[in-house]
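Worksheet: one structure, shown below.
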Amino acid sequence: MLSIKTLRENLSDVQDRLALRNSEISFDQWLARDKRQRVLKQKVEALKFKKNQSSKEIPRLKRAKEPIDALLKEMKVVSEEISVDEAELKIIEAENKDFLLTIPNLPHSTVAVGKSEVDNQEVRRWGQAPEFSFEVQNHWVLGESLGILDFERGAKISGARFVLYRGLGARLERALINFMLDLHTDKHHYREILPPFIVNRASMTGTGQLPKFEEDLFRLKDSDDFLIPTGEVPLTNIHADEILSESDFPISYTACTPCFRREAGSYGQDTRGLIRQHQFNKVELVQFSRAEQSYALLEKLLKDAEAVLQKLGLHYRVVSLCTGDLGFSAAKTYDIEVWIPAQNKYREISSCSNFEDFQARRAKIRYRTTDGKIRHPHTLNGSALAVGRTVVAILENYQQEDGSIVIPEVLRPYMGGIAQIG
RNA sequence: GGAGAGGUGGCUGAGCGGUCGAAAGCGGCGGUCUUGAAAACCGUUGAACUGAAAGGUUCCCAGGGUUCGAAUCCCUGCCUCUCCGCCA
């Protein structure tokens, strides 16, 4: 959520920056309502002042045995007037709030201007794409022939975009999770969390999934609760409605959670394989930061995510998203794209963002500075990494001519010493 | 699922129609003392909106209601706790 103050004082600047991210939003109605809101509020407050004065007066008059009937009658009228104006005010305030919740964040000044993903900026590459002396197979063919991925039965049990991991496939997923969590907790100093996977509407609104993207979420039938689409939601909302202390920062959390996504509107994309599932595991990093430090922390968070790929020996590149490709809540985002041999291209395996105070404002996360002021911290998060897609990358990059898979060195302790699948 | 209790400031907790944004304690901050620290003592200490300021308005889980006036009374919802039942 943008601050009302910013909107009131720099509206044309805000609109220019929103336009950079393809968001043409008309503020005309809001402006009119905001004006009306302020007028009404002033009026109501003046009436309430009168009411409060009289409320103090009445007991005094009573004690002095002076007549109060006229005053009571007058105050009844005032109270009625208040309730009429307040009813209108309430509606206007709710409309204004709802409107503000639909406005995306402003892109940071270092974000390249662009229309879509083709304008994203490559920041760096790490490693090299492996060369194969044979024809590479895609991961679902490899996984099915090794008996470690079962898409048919996943579909039978649940439907399209669900998969069953079997045997060493399931073990590989679990090994990756443990490897990533150990790395982040032991080496990168994140505190491990195991949060709820079902959250309420307030939490979803706090991080920005709601109100605009409800169709992307799985909602429970008998309550206003949702399956989380990312660990970002419960982790960021840990400090919702709290006032933290400046000395607490930076706060760093990591969690592995399943992520549930409807994938509405992605018909025909990645219909086969693990790339786009309704349920997948992801190790998430979340940070809360003093405003001044957040961009330095974004770079650290990105490095922490990259470290996973480096230790796994997987070739990747880092891309800085352009203004037109930014997510709703993000001010700046780096995607990490891992090399996928069978597709002969890089695919997103992590997304690391700085939300500045956008989420903090929505979720009412604040902190007290050392000199006593109340401010909103900046929130950041990144995947480190999407586990299913990491399995894809390992299967494809470490495949051998006979269809077997070599297990990266760092994972072998987590695989009971196994060096190869198949 | 059945029965009961309760939701008050960073925390514990009092208040149960007007003098209450709310006692007290703890914690925090500042000070006195001290070589320094602890202890003790003194002072101070909630948030949002509005205003140049003085000030004003709001907030005692949320939403309605009663009343001239609600933290306090009534209704609804949400949440927490205790006991019983069931259960990983």
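We name chains A, B, ... by the order of the sequence lines, and we start the count at 1 in each one. This structure is a prediction, so every number in the text was calculated from the model and none was measured. Computed over heavy atoms, backbone and side chain alike; hydrogens, waters and symmetry mates excluded.
- Rounded to a whole Å, the NZ atom of K73(A) is 12 Å from the P atom of C68(B).
- With both ends at atom P, the span from A71(B) to U8(B) equals 16 Å, rounded to whole Å.
- Straight-line distance from the CG atom of L72(A) to the C1' atom of U67(B): 10 Å, rounded to whole Å.
- Separating the CG atom of D241(A) from the C1' atom of G10(B) is a distance of 14 Å, rounded to the nearest angstrom.
- Phosphate proximity of G28(B) to R368(A): absent, as no side-chain N or O sits under 4.0 Å from OP1 or OP2.
- Side-chain N/O atoms of R38(A) include one lying less than 4.0 angstrom from OP1 or OP2 on G51(B).
- Remark: C29(B) base-pairs with G43(B). Criterion, Watson-Crick or G-U wobble with two distances under 3.5 Å.
- Judged purely by atom type and a 3.5 angstrom limit, E356(A) has no side-chain atom pairing as donor or acceptor with the backbone of H378(A).
- Expressed to the nearest 0.5 Å, how far OG of S351(A) lies from CD of E337(A) amounts to 10.0 Å.
- Comparing U72(B) with A54(B), their P atoms are spaced 31 Å from each other, to the whole Å.
- G21(B) is unpaired under the Watson-Crick or G-U wobble criterion, no partner having all donor-acceptor distances under 3.5 Å.
- In this structure, E117(A) places its CD atom where only 12 or fewer heavy-atom neighbours from other residues, nucleotides or ligands lie under 6.0 Å away.
- With rounding to whole Å, Q42(A) atom CD is found 8 Å from G51(B) atom P.
- The aromatic ring centres of Y367(A) and F249(A) sit less than 6.0 Å apart.
- R8(A) comes within 4.0 angstrom of the backbone, heavy atoms only, and of no base.
- Looking at Q15(A), its side chain does come within 3.5 Å of a backbone N or O of I25(A) through a donor-acceptor pair.
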Pick out the pairs of N or O atoms, protein on one side and nucleotides 54-56 of chain B on the other, that lie under 3.5 Å.
residue, atom, partner, partner atom, Å
G56(B), N2, E45(A), OE1, 3.4

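- In this structure G4(B) sits in a base pair with C81(B), meeting the Watson-Crick or G-U test at under 3.5 Å.
- The distance between the ring centers of H239(A) and F288(A) falls below 6.0 angstrom.
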**OP:** Can you check each nucleotide of nucleotides 75-81 of chain B against protein heavy atoms at under 4.0 Å and return B for base, S for sugar-phosphate only, - for none, in 5' to 3' order?
**Re:** -------
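- Under the Watson-Crick or G-U wobble criterion, with both distances below 3.5 Å, A53(B) has no partner in any strand shown.
- Between F260(A) and F197(A), the distance from one ring center to the other does not fall under 6.0 angstrom.
- Side chains of S353(A) and K332(A): no donor on one and acceptor on the other come within 3.5 Å.
- Between G69(B) and S79(A), a contact under 4.0 Å exists linking OP1 or OP2 to a side-chain N or O.
- At whole-Å resolution of the value, CG in L71(A) and P in G18(B) are 18 Å apart.
- Applying the side chain to side chain donor-acceptor pair (under 3.5 Å) rule to Q343(A) yields the partners R347(A); only residues at least two apart in sequence or on another chain are considered.
- I82(A) places its CD1 atom 13 Å from the P atom of C68(B), with the value rounded to the nearest Å.
- Atom pair K90(A):NZ and C49(B):P shows a separation of 18 Å (rounding to whole Å applied).
- Checking the phosphate oxygens (OP1, OP2) of G10(B), no side-chain nitrogen or oxygen of R366(A) falls inside 4.0 Å.
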